[in-house]
Novice: 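Before anything else, here's the structure in question.
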Amino acid sequence: MFEFNIIAECSRTGARAGELTTPHGIINTPVFMPVGTLATVKSMSSRELEEINSQIILGNTYHLYLRPGSEIISKAGGLHKFMNWSRPILTDSGGFQVFSLAKLQKITDENVICRSHIDGSLLIMSPEWSMDMQRVLASDIAMCFDQCSELPATHEKLEEALNRTTLWAERSKEYFLSHNDVNNQALFGIIQGGTCDDLRERSAHEIINIGFPGYAIGGLSVGESHEAMYHTLDILNNIMPPNKPRYLMGVGYPLNIIEGIARGVDMFDCVMPTRNGRNGTLFISSGRVNIKNKNNAEDFTSLDPECDCYTCRNFTRAYLRHLSMCGEILGARLCSWHNLRFTVRIAEQAREAIIAGKFPEFLERFNAKFHDNPQTQN
RNA sequence: GGUGGAAUGGCCGAGUGGUCAAUGGCAACAGACUGUAAAUCUGUCGACGGGAGUCUACCAUGGUUCAAAUCCAUGUUCCACCA
(Lines give C-alpha, C1' and ligand atoms only; values in the text may rest on other atoms or scores of the structure.)
Protein backbone atom coordinates (compact mmCIF):
# COMPACT_ATOMS: atom_id res chain seq x y z
CA MET A 1 0.00 0.00 0.00
CA PHE A 2 2.96 2.31 0.58
CA GLU A 3 5.41 3.03 -2.11
CA PHE A 4 7.70 5.87 -2.95
CA ASN A 5 9.03 6.26 -6.44
CA ILE A 6 11.33 8.96 -7.62
CA ILE A 7 10.43 9.96 -11.13
CA ALA A 8 12.91 12.77 -11.71
CA GLU A 9 15.97 14.21 -10.06
CA CYS A 10 17.74 17.49 -10.51
CA SER A 11 21.27 16.95 -11.74
CA ARG A 12 22.64 20.09 -10.11
CA THR A 13 20.80 20.20 -6.77
CA GLY A 14 19.34 17.62 -4.43
CA ALA A 15 15.81 18.23 -5.68
CA ARG A 16 13.68 15.28 -6.64
CA ALA A 17 10.16 14.66 -7.86
CA GLY A 18 8.36 11.58 -6.72
CA GLU A 19 5.14 9.71 -6.16
CA LEU A 20 4.10 8.56 -2.75
CA THR A 21 1.37 5.95 -2.81
CA THR A 22 -0.95 5.86 0.19
CA PRO A 23 -4.29 4.16 0.93
CA HIS A 24 -6.09 7.35 0.00
CA GLY A 25 -4.25 8.10 -3.17
CA ILE A 26 -0.98 9.04 -4.74
CA ILE A 27 0.82 12.15 -3.57
CA ASN A 28 3.00 13.96 -6.04
CA THR A 29 6.11 15.29 -4.41
CA PRO A 30 7.47 17.73 -3.53
CA VAL A 31 4.31 18.54 -1.67
CA PHE A 32 3.12 21.12 0.80
CA MET A 33 0.66 19.78 3.36
CA PRO A 34 -1.74 22.25 4.99
CA VAL A 35 -2.12 21.85 8.73
CA GLY A 36 -5.54 20.90 10.02
CA THR A 37 -4.82 20.51 13.70
CA LEU A 38 -8.37 20.12 14.96
CA ALA A 39 -9.74 18.20 12.00
CA THR A 40 -10.01 21.41 10.04
CA VAL A 41 -7.60 23.51 8.07
CA LYS A 42 -8.80 26.64 9.78
CA SER A 43 -11.61 28.32 7.86
CA MET A 44 -11.36 26.07 4.81
CA SER A 45 -13.79 23.35 3.78
CA SER A 46 -12.61 20.09 2.33
CA ARG A 47 -14.07 21.06 -1.04
CA GLU A 48 -12.06 24.25 -1.06
CA LEU A 49 -8.92 22.39 -0.05
CA GLU A 50 -9.39 20.06 -2.98
CA GLU A 51 -9.87 23.02 -5.26
CA ILE A 52 -6.52 24.50 -4.31
CA ASN A 53 -5.03 21.05 -4.89
CA SER A 54 -4.14 20.09 -1.37
CA GLN A 55 -3.05 16.51 -1.85
CA ILE A 56 -2.74 15.71 1.83
CA ILE A 57 -3.44 17.48 5.09
CA LEU A 58 -2.38 17.09 8.70
CA GLY A 59 -4.26 16.31 11.87
CA ASN A 60 -2.98 16.44 15.42
CA THR A 61 -3.00 13.64 17.95
CA TYR A 62 -2.85 15.76 21.09
CA HIS A 63 -5.52 18.24 20.08
CA LEU A 64 -7.94 15.65 18.75
CA TYR A 65 -7.40 13.51 21.81
CA LEU A 66 -8.61 16.37 23.99
CA ARG A 67 -11.44 17.33 21.67
CA PRO A 68 -13.52 15.59 20.50
CA GLY A 69 -11.68 12.59 21.97
CA SER A 70 -10.82 9.18 20.61
CA GLU A 71 -14.24 7.72 21.27
CA ILE A 72 -16.06 10.10 19.00
CA ILE A 73 -13.45 9.85 16.26
CA SER A 74 -13.67 6.11 16.54
CA LYS A 75 -17.45 6.13 16.31
CA ALA A 76 -17.21 8.46 13.32
CA GLY A 77 -15.10 5.82 11.61
CA GLY A 78 -11.82 7.67 11.68
CA LEU A 79 -10.65 11.14 10.88
CA HIS A 80 -11.30 10.93 7.13
CA LYS A 81 -14.97 10.24 7.60
CA PHE A 82 -15.32 12.55 10.56
CA MET A 83 -14.14 15.57 8.59
CA ASN A 84 -15.23 14.35 5.17
CA TRP A 85 -11.78 14.37 3.63
CA SER A 86 -11.09 11.57 1.21
CA ARG A 87 -7.50 12.31 0.35
CA PRO A 88 -4.49 11.28 2.47
CA ILE A 89 -3.99 12.50 6.03
CA LEU A 90 -0.80 12.65 8.04
CA THR A 91 -1.12 12.88 11.81
CA ASP A 92 1.43 14.49 14.03
CA SER A 93 2.21 12.46 17.10
CA GLY A 94 1.81 15.07 19.79
CA GLY A 95 5.58 15.37 19.94
CA PHE A 96 5.46 18.98 18.91
CA GLN A 97 3.12 19.75 21.79
CA VAL A 98 5.80 18.42 24.12
CA PHE A 99 7.69 21.42 22.81
CA SER A 100 5.01 24.05 22.39
CA LEU A 101 3.24 23.29 25.66
CA ALA A 102 6.50 22.79 27.54
CA LYS A 103 5.42 24.90 30.50
CA LEU A 104 2.56 22.53 31.20
CA GLN A 105 4.50 19.34 31.51
CA LYS A 106 7.16 17.10 32.92
CA ILE A 107 9.21 14.96 30.58
CA THR A 108 10.97 11.73 31.42
CA ASP A 109 12.20 8.85 29.30
CA GLU A 110 9.10 6.95 30.28
CA ASN A 111 6.51 9.52 29.24
CA VAL A 112 5.30 13.09 29.31
CA ILE A 113 2.99 14.06 32.11
CA CYS A 114 1.03 16.96 30.83
CA ARG A 115 -1.75 19.30 31.77
CA SER A 116 -4.44 19.95 29.25
CA HIS A 117 -4.19 23.50 27.93
CA ILE A 118 -7.99 23.54 27.91
CA ASP A 119 -8.98 22.60 31.44
CA GLY A 120 -5.75 21.74 33.20
CA SER A 121 -6.61 18.08 33.58
CA LEU A 122 -3.82 15.57 33.71
CA LEU A 123 -2.89 13.41 30.78
CA ILE A 124 0.01 11.14 30.06
CA MET A 125 1.55 11.15 26.62
CA SER A 126 3.86 8.40 25.49
CA PRO A 127 4.84 6.64 22.28
CA GLU A 128 2.24 3.97 23.00
CA TRP A 129 -0.47 6.54 23.73
CA SER A 130 0.37 8.32 20.49
CA MET A 131 0.24 5.12 18.41
CA ASP A 132 -3.10 4.22 19.95
CA MET A 133 -4.55 7.59 19.15
CA GLN A 134 -3.16 7.69 15.64
CA ARG A 135 -4.62 4.23 15.06
CA VAL A 136 -8.04 5.60 15.99
CA LEU A 137 -7.51 8.61 13.76
CA ALA A 138 -6.65 6.13 11.01
CA SER A 139 -4.34 8.50 9.23
CA ASP A 140 -2.39 7.36 6.20
CA ILE A 141 0.85 8.45 7.74
CA ALA A 142 1.51 8.39 11.47
CA MET A 143 4.48 10.01 13.12
CA CYS A 144 6.73 8.71 15.87
CA PHE A 145 6.36 10.36 19.22
CA ASP A 146 9.43 12.58 19.54
CA GLN A 147 10.90 15.38 21.56
CA CYS A 148 11.52 18.65 19.80
CA SER A 149 13.90 21.19 21.35
CA GLU A 150 13.75 24.89 20.93
CA LEU A 151 16.76 26.67 19.49
CA PRO A 152 19.15 27.93 20.56
CA ALA A 153 19.80 25.08 22.97
CA THR A 154 22.87 23.61 24.59
CA HIS A 155 24.52 20.56 23.09
CA GLU A 156 23.57 18.71 26.25
CA LYS A 157 19.88 19.56 25.98
CA LEU A 158 19.79 18.64 22.31
CA GLU A 159 21.51 15.36 23.01
CA GLU A 160 19.05 14.52 25.75
CA ALA A 161 16.11 15.15 23.39
CA LEU A 162 17.86 13.17 20.66
CA ASN A 163 18.43 10.16 22.91
CA ARG A 164 14.85 10.25 24.06
CA THR A 165 13.62 10.58 20.49
CA THR A 166 15.55 7.47 19.50
CA LEU A 167 14.22 5.58 22.49
CA TRP A 168 10.70 6.68 21.72
CA ALA A 169 11.12 5.86 18.02
CA GLU A 170 11.97 2.27 18.97
CA ARG A 171 8.97 2.07 21.25
CA SER A 172 6.73 3.77 18.68
CA LYS A 173 7.69 1.30 16.01
CA GLU A 174 7.45 -1.76 18.21
CA TYR A 175 4.02 -0.81 19.50
CA PHE A 176 2.85 0.31 16.07
CA LEU A 177 3.79 -2.99 14.44
CA SER A 178 1.84 -5.02 16.95
CA HIS A 179 -1.21 -2.79 17.33
CA ASN A 180 -1.82 -0.64 14.27
CA ASP A 181 -3.07 -1.55 10.81
CA VAL A 182 0.28 -1.70 9.11
CA ASN A 183 -1.33 -2.25 5.72
CA ASN A 184 -3.22 1.01 5.89
CA GLN A 185 -0.96 3.22 7.92
CA ALA A 186 2.72 4.03 7.59
CA LEU A 187 4.86 5.18 10.48
CA PHE A 188 7.54 7.78 9.81
CA GLY A 189 10.59 8.28 12.00
CA ILE A 190 11.74 11.71 13.13
CA ILE A 191 15.33 12.91 13.24
CA GLN A 192 16.30 15.45 15.88
CA GLY A 193 19.61 17.02 16.90
CA GLY A 194 19.01 20.73 16.46
CA THR A 195 21.68 22.46 14.44
CA CYS A 196 24.62 20.48 15.83
CA ASP A 197 26.20 18.53 13.01
CA ASP A 198 27.39 15.65 15.16
CA LEU A 199 24.01 15.23 16.81
CA ARG A 200 22.12 15.42 13.53
CA GLU A 201 24.33 12.77 12.06
CA ARG A 202 23.95 10.53 15.06
CA SER A 203 20.20 10.98 15.22
CA ALA A 204 19.85 10.29 11.51
CA HIS A 205 21.85 7.09 11.77
CA GLU A 206 19.94 5.90 14.81
CA ILE A 207 16.51 6.58 13.33
CA ILE A 208 17.45 5.13 9.96
CA ASN A 209 18.80 2.02 11.66
CA ILE A 210 15.46 1.45 13.33
CA GLY A 211 13.96 1.61 9.86
CA PHE A 212 10.90 3.45 8.64
CA PRO A 213 9.11 3.90 5.31
CA GLY A 214 9.75 7.64 5.55
CA TYR A 215 11.88 10.03 7.54
CA ALA A 216 11.08 13.39 8.96
CA ILE A 217 13.41 16.16 9.94
CA GLY A 218 12.16 17.63 13.18
CA GLY A 219 13.52 20.34 15.37
CA LEU A 220 14.03 22.93 12.66
CA SER A 221 12.22 26.22 12.12
CA VAL A 222 12.24 26.68 15.86
CA GLY A 223 14.40 29.76 16.17
CA GLU A 224 17.53 29.07 14.12
CA SER A 225 18.73 31.15 11.16
CA HIS A 226 17.84 30.16 7.63
CA GLU A 227 21.52 29.46 6.97
CA ALA A 228 21.67 27.08 9.92
CA MET A 229 18.54 25.32 8.70
CA TYR A 230 19.97 24.92 5.20
CA HIS A 231 23.28 23.69 6.56
CA THR A 232 21.52 21.01 8.58
CA LEU A 233 19.50 19.99 5.53
CA ASP A 234 22.71 19.69 3.52
CA ILE A 235 24.15 17.33 6.09
CA LEU A 236 21.04 15.21 6.23
CA ASN A 237 20.71 15.16 2.47
CA ASN A 238 23.91 13.13 2.39
CA ILE A 239 22.79 10.68 5.05
CA MET A 240 19.11 10.00 4.45
CA PRO A 241 18.28 7.07 2.19
CA PRO A 242 17.42 8.45 -1.24
CA ASN A 243 14.61 6.01 -1.87
CA LYS A 244 12.49 7.08 1.09
CA PRO A 245 10.34 10.21 1.38
CA ARG A 246 11.83 13.02 3.43
CA TYR A 247 9.60 15.32 5.37
CA LEU A 248 10.76 18.65 6.77
CA MET A 249 8.41 19.30 9.64
CA GLY A 250 6.97 22.69 10.32
CA VAL A 251 8.43 24.53 7.40
CA GLY A 252 6.29 26.71 5.23
CA TYR A 253 8.04 29.99 4.62
CA PRO A 254 8.26 30.16 0.82
CA LEU A 255 12.03 30.60 0.64
CA ASN A 256 12.54 27.76 3.12
CA ILE A 257 10.39 25.45 1.00
CA ILE A 258 12.30 26.18 -2.16
CA GLU A 259 15.65 25.79 -0.45
CA GLY A 260 14.41 22.63 1.26
CA ILE A 261 13.42 21.13 -2.06
CA ALA A 262 16.87 21.97 -3.38
CA ARG A 263 18.25 19.92 -0.50
CA GLY A 264 16.23 16.82 -1.19
CA VAL A 265 13.13 17.40 0.90
CA ASP A 266 9.90 15.93 -0.46
CA MET A 267 7.27 16.99 2.05
CA PHE A 268 6.52 20.12 4.05
CA ASP A 269 3.83 21.22 6.43
CA CYS A 270 3.22 24.50 8.17
CA VAL A 271 0.60 26.63 9.85
CA MET A 272 2.08 29.72 8.27
CA PRO A 273 -0.26 30.06 5.29
CA THR A 274 -3.35 29.91 7.46
CA ARG A 275 -2.11 31.69 10.55
CA ASN A 276 -0.44 34.50 8.67
CA GLY A 277 -3.42 34.75 6.39
CA ARG A 278 -5.72 35.24 9.35
CA ASN A 279 -3.33 37.85 10.69
CA GLY A 280 -3.06 39.74 7.41
CA THR A 281 0.34 38.71 6.06
CA LEU A 282 0.05 37.39 2.54
CA PHE A 283 2.66 35.71 0.39
CA ILE A 284 2.78 36.63 -3.27
CA SER A 285 5.31 36.10 -6.03
CA SER A 286 7.13 39.31 -5.19
CA GLY A 287 7.31 38.63 -1.48
CA ARG A 288 5.24 39.52 1.53
CA VAL A 289 2.30 41.87 1.77
CA ASN A 290 0.71 43.06 4.97
CA ILE A 291 -2.76 43.52 3.60
CA LYS A 292 -3.78 45.67 6.57
CA ASN A 293 -1.28 48.36 5.66
CA LYS A 294 -2.82 51.66 4.67
CA ASN A 295 -1.31 51.65 1.21
CA ASN A 296 -3.77 48.90 0.27
CA ALA A 297 -6.82 50.95 1.24
CA GLU A 298 -7.45 52.25 -2.25
CA ASP A 299 -5.64 49.58 -4.22
CA PHE A 300 -8.26 48.08 -6.49
CA THR A 301 -5.89 45.65 -8.17
CA SER A 302 -5.56 41.94 -7.63
CA LEU A 303 -3.40 40.73 -4.76
CA ASP A 304 -1.17 38.76 -7.11
CA PRO A 305 -1.98 38.81 -10.82
CA GLU A 306 0.18 35.72 -11.27
CA CYS A 307 -1.82 33.67 -8.78
CA ASP A 308 -4.61 31.38 -9.93
CA CYS A 309 -6.48 31.25 -6.62
CA TYR A 310 -10.09 32.21 -6.02
CA THR A 311 -9.09 35.26 -3.99
CA CYS A 312 -6.75 36.69 -6.58
CA ARG A 313 -9.13 36.01 -9.43
CA ASN A 314 -12.08 37.73 -7.79
CA PHE A 315 -11.18 40.34 -5.19
CA THR A 316 -9.11 43.48 -4.83
CA ARG A 317 -6.50 44.36 -2.24
CA ALA A 318 -8.73 47.17 -1.04
CA TYR A 319 -11.50 44.69 -0.32
CA LEU A 320 -9.19 42.23 1.40
CA ARG A 321 -7.82 45.05 3.55
CA HIS A 322 -11.31 46.18 4.41
CA LEU A 323 -12.36 42.69 5.48
CA SER A 324 -9.16 42.17 7.47
CA MET A 325 -9.45 45.55 9.21
CA CYS A 326 -13.00 44.75 10.20
CA GLY A 327 -12.11 41.28 11.45
CA GLU A 328 -14.60 39.76 9.07
CA ILE A 329 -14.54 35.98 8.78
CA LEU A 330 -14.45 36.18 5.02
CA GLY A 331 -11.22 38.15 5.23
CA ALA A 332 -9.57 35.37 7.20
CA ARG A 333 -10.92 32.84 4.73
CA LEU A 334 -9.89 34.59 1.55
CA CYS A 335 -6.42 35.37 2.92
CA SER A 336 -5.92 31.79 4.12
CA TRP A 337 -7.24 30.57 0.81
CA HIS A 338 -4.68 32.56 -1.14
CA ASN A 339 -1.74 31.71 1.13
CA LEU A 340 -2.59 28.02 0.97
CA ARG A 341 -2.85 28.01 -2.78
CA PHE A 342 0.32 30.06 -3.12
CA THR A 343 2.26 27.67 -0.90
CA VAL A 344 0.84 24.50 -2.43
CA ARG A 345 1.68 25.90 -5.84
CA ILE A 346 5.32 26.53 -4.94
CA ALA A 347 5.75 22.78 -4.53
CA GLU A 348 3.77 22.12 -7.71
CA GLN A 349 5.90 24.51 -9.72
CA ALA A 350 9.09 23.12 -8.25
CA ARG A 351 7.95 19.65 -9.24
CA GLU A 352 7.25 20.72 -12.79
CA ALA A 353 10.65 22.37 -12.98
CA ILE A 354 12.41 19.27 -11.62
CA ILE A 355 10.66 17.05 -14.17
CA ALA A 356 11.49 19.51 -16.93
CA GLY A 357 15.12 19.53 -15.82
CA LYS A 358 14.98 23.22 -15.01
CA PHE A 359 14.87 23.34 -11.25
CA PRO A 360 18.00 25.46 -10.74
CA GLU A 361 16.59 28.12 -13.04
CA PHE A 362 13.28 28.01 -11.19
CA LEU A 363 15.09 28.34 -7.87
CA GLU A 364 17.08 31.30 -9.10
CA ARG A 365 14.05 33.04 -10.53
CA PHE A 366 12.01 32.53 -7.39
CA ASN A 367 14.76 33.83 -5.14
CA ALA A 368 15.32 36.87 -7.33
CA LYS A 369 11.68 37.78 -7.31
CA PHE A 370 10.56 36.99 -3.80
CA HIS A 371 11.64 39.79 -1.48
CA ASP A 372 11.92 38.99 2.16
CA ASN A 373 11.19 42.46 3.47
CA PRO A 374 7.51 43.39 3.40
CA GLN A 375 8.37 47.06 2.83
CA THR A 376 10.23 46.52 -0.38
CA GLN A 377 7.50 45.18 -2.58
CA ASN A 378 4.40 46.79 -4.01
C1' G B 1 -39.52 79.42 33.46
C1' G B 2 -37.35 76.57 37.95
C1' U B 3 -33.96 73.00 40.15
C1' G B 4 -30.01 69.72 39.77
C1' G B 5 -26.00 67.55 36.88
C1' A B 6 -22.26 67.39 33.01
C1' A B 7 -18.32 69.42 29.55
C1' U B 8 -11.03 65.53 29.51
C1' G B 9 -6.48 64.00 23.93
C1' G B 10 -9.88 60.81 16.87
C1' C B 11 -14.07 58.23 20.06
C1' C B 12 -15.65 56.23 24.90
C1' G B 13 -13.98 57.11 29.66
C1' A B 14 -10.70 57.50 34.57
C1' G B 15 -8.73 61.38 37.24
C1' U B 16 -11.17 66.27 41.81
C1' G B 17 -4.83 71.27 44.12
C1' G B 18 1.49 69.38 43.12
C1' U B 19 3.90 62.44 41.97
C1' C B 20 -0.58 64.66 35.06
C1' A B 21 1.21 65.20 28.58
C1' A B 22 -3.08 63.06 31.89
C1' U B 23 -5.15 55.29 33.92
C1' G B 24 -8.13 52.06 30.81
C1' G B 25 -10.65 50.58 26.46
C1' C B 26 -11.61 51.41 21.25
C1' A B 27 -10.03 53.27 16.69
C1' A B 28 -5.67 54.32 13.91
C1' C B 29 -0.47 53.32 12.38
C1' A B 30 3.40 49.70 12.19
C1' G B 31 5.77 44.96 13.42
C1' A B 32 5.79 39.68 14.57
C1' C B 33 3.92 34.86 13.30
C1' U B 34 7.43 28.18 10.43
C1' G B 35 5.08 19.69 12.92
C1' U B 36 -1.53 25.90 15.64
C1' A B 37 -2.99 27.13 23.69
C1' A B 38 -2.96 32.31 17.90
C1' A B 39 -9.53 35.51 13.79
C1' U B 40 -3.37 36.03 18.20
C1' C B 41 0.61 38.82 20.24
C1' U B 42 3.91 43.27 20.48
C1' G B 43 5.13 48.39 19.76
C1' U B 44 3.63 53.52 18.67
C1' C B 45 -0.25 56.74 19.48
C1' G B 46 -0.30 66.17 21.38
C1' A B 47 3.94 69.06 18.74
C1' C B 48 9.25 69.87 18.21
C1' G B 49 14.02 67.49 19.62
C1' G B 50 18.92 62.37 18.95
C1' G B 51 18.44 63.23 24.10
C1' A B 52 18.09 66.16 28.41
C1' G B 53 14.13 68.94 27.55
C1' U B 54 10.88 72.81 25.58
C1' C B 55 6.10 74.24 24.05
C1' U B 56 0.74 73.75 23.60
C1' A B 57 -3.22 71.14 26.18
C1' C B 58 -8.59 68.77 30.08
C1' C B 59 -15.63 74.05 26.93
C1' A B 60 -14.45 79.78 27.06
C1' U B 61 -12.90 84.04 29.76
C1' G B 62 -11.39 86.02 34.26
C1' G B 63 -9.73 84.94 39.22
C1' U B 64 -7.60 82.36 43.92
C1' U B 65 -2.74 79.88 44.77
C1' C B 66 4.26 79.19 45.02
C1' A B 67 1.31 75.46 42.05
C1' A B 68 -5.21 74.36 38.72
C1' A B 69 -7.93 69.16 34.40
C1' U B 70 -8.92 69.56 39.67
C1' C B 71 -11.03 75.53 43.75
C1' C B 72 -14.10 80.36 42.74
C1' A B 73 -16.95 83.75 39.29
C1' U B 74 -19.27 84.66 34.76
C1' G B 75 -20.59 82.89 30.04
C1' U B 76 -21.64 78.94 26.38
C1' U B 77 -23.45 74.15 25.19
C1' C B 78 -25.63 69.57 26.59
C1' C B 79 -28.52 66.24 29.93
C1' A B 80 -32.23 65.02 33.75
C1' C B 81 -36.33 66.26 36.60
C1' C B 82 -40.20 69.83 37.89
C1' A B 83 -43.74 73.49 35.96
Side-chain angles (χ1 to χ4, degrees), chain A residues 32-44 56-64 66-67 90-105 114-120 130 134 139 141-151 165 188 190-192 216-226 229 247-257 259-260 265 267-283 288-297 321 323-336 339 343 372-375:
Chain A
F32 176 78
M33 310 182 283
V35 176
T37 306
L38 280 161
T40 165
V41 176
K42 292 190 192 298
S43 90
M44 302 294 290
I56 169 173
I57 62 172
L58 263 70
N60 184 281
T61 298
Y62 167 84
H63 289 284
L64 292 169
L66 291 182
R67 288 191 300 210
L90 181 151
T91 42
D92 191 24
S93 61
F96 187 72
Q97 279 63 45
V98 175
F99 160 77
S100 65
L101 301 168
K103 280 161 258 164
L104 299 173
Q105 54 212 358
C114 177
R115 296 222 164 258
S116 155
H117 72 281
I118 298 167
D119 64 5
S130 180
Q134 293 187 79
S139 52
I141 299 170
M143 299 302 299
C144 282
F145 191 66
D146 67 326
Q147 183 179 351
C148 178
S149 306
E150 69 176 339
L151 292 172
T165 294
F188 279 23
I190 303 177
I191 297 163
Q192 288 291 343
I217 301 159
L220 288 180
S221 63
V222 286
E224 80 285 7
S225 68
H226 290 184
M229 177 195 287
Y247 163 25
L248 177 54
M249 307 185 82
V251 164
Y253 185 61
L255 295 176
N256 292 164
I257 292 177
E259 295 295 338
V265 175
M267 305 161 72
F268 302 85
D269 81 284
C270 195
V271 304
M272 193 175 267
T274 45
R275 180 184 288 171
N276 283 31
R278 287 195 305 280
N279 294 333
T281 300
L282 301 174
F283 300 104
R288 281 192 288 173
V289 173
N290 188 337
I291 198 64
K292 291 181 178 175
N293 283 182
K294 196 173 189 162
N295 59 352
N296 294 304
R321 169 176 143 98
L323 294 178
S324 297
M325 291 301 282
C326 296
E328 279 294 333
I329 299 171
L330 184 62
R333 265 170 55 64
L334 292 178
C335 290
S336 298
N339 274 352
T343 312
D372 205 24
N373 187 337
Q375 319 274 23

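A, B, ... follow the sequence lines: proteins, then strands. Residue 1 opens every chain.
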Novice: With respect to the phosphate group of B:C33, does any side-chain polar atom (N or O) of A:Asn290 fall under 4.0 Å of OP1 or OP2?
Specialist: no
Novice: Can you check the A:His63 NE2 to B:U36 P distance for me, whole Å?
Specialist: 6 Å
Novice: Whole-Å distance between B:A37 C1' and A:Arg278 CZ?
Specialist: 12 Å
Novice: Let's test your reading of the model: under 3.5 Å, does the base of B:U36 pair with the side chain of A:His117 as donor and acceptor?
Specialist: no
Novice: Using purine N1 to pyrimidine N3 plus N6-O4 or O6-N4 for Watson-Crick, or N1-O2 and O6-N3 for G-U wobble, each under 3.5 Å, what pairs with B:A57?
Specialist: none
Novice: What's the CG-P distance between A:Asn60 and B:U36, to the nearest Å?
Specialist: 5 Å
Novice: How many whole angstroms separate atom CG of A:Leu38 from atom C1' of B:A39?
Specialist: 14 Å
Novice: Tabulated below should be each protein N or O lying under 3.5 Å from an N or O of nucleotides 43-47 of chain B; please produce it.
Specialist:
none

Novice: How would you list, by chain and number, every residue that makes a salt bridge (charged side-chain N to carboxylate O under 4.0 Å, His left out) with A:Arg333, sequence neighbours excluded?
Specialist: A:Glu48
Novice: Figure out the CE/P separation between A:Met325 and B:U40, and round it to whole Å.
Specialist: 14 Å
Novice: Could you check how far CD of A:Gln97 sits from C1' of B:U36, rounded to whole Å?
Specialist: 8 Å
Novice: Could you give the CD-to-P distance, from A:Glu259 to B:U34, as a whole number of Å?
Specialist: 20 Å
Novice: Could you give all pairs that pass the salt bridge (Lys or Arg N to Asp or Glu O under 4.0 Å) test and reach residues 92-105 of chain A, with sequence neighbours left out?
Specialist: none
Novice: Centre-to-centre under 6.0 Å for A:Tyr62 and A:His117, is that the case here?
Specialist: yes
